[in-house]
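The structure appears right after this line, and notes come after that.
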Amino acid sequence: MSTHNTPGDPGTSAGGTGDGGGTSRPTGRQRLAAGLWPPRLTRAQLTVAVLLFVLGLGLAVQVRSHNDTSALRGARQEDLVRILDELDNRTQRLEDEKQDLVDQRTGLENSSDQAEEARKQTREKEQQLGILAGTTAAEGPGITLTVRDARHSVEADMLLDTVQELRAAGAEAIQLNGVRVVADTDFTGTGDDVEVDGKAVAPPYRFTVIGRPQDLQPALNIPGGVVQTLEKEQATATVTGSGKVVVNALRPAKQPGYARSSSP
């Protein structure tokens, strides 16, 4: 006689034999786990992953570039023109320096008395180096920058930033409150205790600068430049151009402790 099992009868299973000796079919979760691990990457999937990575990197670079130029995008037309003029002026200064070097070489090559021409250029170079080193007084066209800081909010690093901006604009000699500023000048202190090369300076800070006024004045007034930065600190900056300014603060000449000239 045949028997019929009910759904709850343990006599047989859906995928096995009646005596329970066969293997059961894997569940859905087990089949999913077996399909996902270990991962099986095809060449097409790997190529797609690399392309997506490159695309994401490109988008990140584009966003960063957009953020860097957002300040210029929001600038006024006259500010953009001023920035372009400043870049043109810097380019012209580099071209002038290049031409001076070419003229010196040509003078040495064409002079009938090359020894005298060499001595002349050496004296001129000595004067130039003396001005750069701060051991020689200088005069010429330039500007005077006066910074008034009643709240003593101007820090030493702001004064240093001002010097750097002036140098970038072509300043050839700088004096700050009677202290000659050169390449190794250091600015220290905060608030009303600012020192330049170890000498205390106090507001108003007066920069006397020799250079082309047409280059120096726009450089200080560009958007985000020195004048705007000082105004954010509740300080006032006044720039005055002049056909002749005098930088007469001197630094003592230092003898090198180890370096000696060598013959060519």
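Owing to the predicted nature of the structure, the values given are computational and were not obtained by experimental measurement.
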Within residues 154-164 or reaching into it, pairs that qualify as side-chain hydrogen bond (donor to acceptor under 3.5 Å, both in side chains) - sequence neighbours excluded: none
Enter the distance from Thr229:OG1 to Leu220:CG here, rounded to the nearest 0.5 Å. 10.5 Å
Hydrophobic clusters here meaning ILVMFWY residues chained together by side-chain heavy-atom distances under 4.5 Å, can you tell me if Val247 and Val239 are in one? no
Are Val201 and Val163 connected into the same hydrophobic cluster when the rule is that any two of I, L, V, M, F, W, Y join if their side-chain heavy atoms are below 4.5 Å apart? yes
So does Val227 get a backbone contact from the side chain of Asn221, meaning a donor-acceptor N/O pair under 3.5 Å? no
Mind checking side chain to side chain donor-acceptor pair (under 3.5 Å) for Ser153 and listing every partner two or more places apart, or none if nothing turns up? Asp149
Before giving the answer on side chain to side chain contact (heavy atoms under 4.5 Å, CB included), spell out for Gln175 and Val245 the whole-Å C-alpha distance, their side-chain angles and the decisive distance to 0.1 Å. CA-CA 11 Å; Gln175 178 175 313; Val245 296; over 6 Å; no
Looking at Pro204 and Arg148, what are the two nearest heavy atoms and their distance? CB-CG, 4.0 Å
Compare every heavy atom of Asn177 with every heavy atom of Ala202, then report the nearest pair and how far apart it is. O-ND2, 3.0 Å
According to the side-chain hydrogen bond (donor to acceptor under 3.5 Å, both in side chains) rule, which pairs have a member within residues 202-216, sequence neighbours left out? Asn89-Asp215, Arg93-Asp215, Arg212-Asp215
So if you build clusters from Ile, Leu, Val, Met, Phe, Trp, Tyr with side-chain heavy-atom gaps below 4.5 Å, do Leu160 and Val226 land together? yes
Residues 179-189 side chain polar contacts: donor-acceptor under 3.5 Å, at least two apart:
{"from": "Arg180", "atom 1": "NH1", "to": "Thr136", "atom 2": "O", "distance (Å)": "3.1"}
{"from": "Arg180", "atom 1": "NH1", "to": "Ala249", "atom 2": "O", "distance (Å)": "2.8"}
{"from": "Arg180", "atom 1": "NH2", "to": "Ile131", "atom 2": "O", "distance (Å)": "3.1"}
{"from": "Arg180", "atom 1": "NH2", "to": "Thr136", "atom 2": "O", "distance (Å)": "3.0"}
{"from": "Asp184", "atom 1": "OD1", "to": "Arg251", "atom 2": "NH2", "distance (Å)": "3.3"}
{"from": "Thr185", "atom 1": "OG1", "to": "Val182", "atom 2": "N", "distance (Å)": "2.8"}
{"from": "Thr185", "atom 1": "OG1", "to": "Val182", "atom 2": "O", "distance (Å)": "3.3"}
{"from": "Thr185", "atom 1": "OG1", "to": "Asp197", "atom 2": "OD2", "distance (Å)": "3.3"}

Please tabulate, one pair per line, all N/O donor-acceptor pairs under 3.5 Å involving side-chain atoms of residues 137-147, not counting sequence neighbours.
none

Same cluster or not: are Met158 and Leu216 linked, directly or through other Ile, Leu, Val, Met, Phe, Trp or Tyr residues, by side-chain heavy atoms under 4.5 angstrom apart? yes
Could you measure the distance from the CD1 atom of Ile174 to the CG atom of Leu166? Nearest 0.5 Å is fine. 5.0 Å
Tell me whether Leu159 shares a hydrophobic cluster with Leu230, the cluster being built from Ile, Leu, Val, Met, Phe, Trp, Tyr side chains joined at under 4.5 Å. yes
side-chain hydrogen bond (donor to acceptor under 3.5 Å, both in side chains) contacts touching residues 233-249 (sequence neighbours left out): none
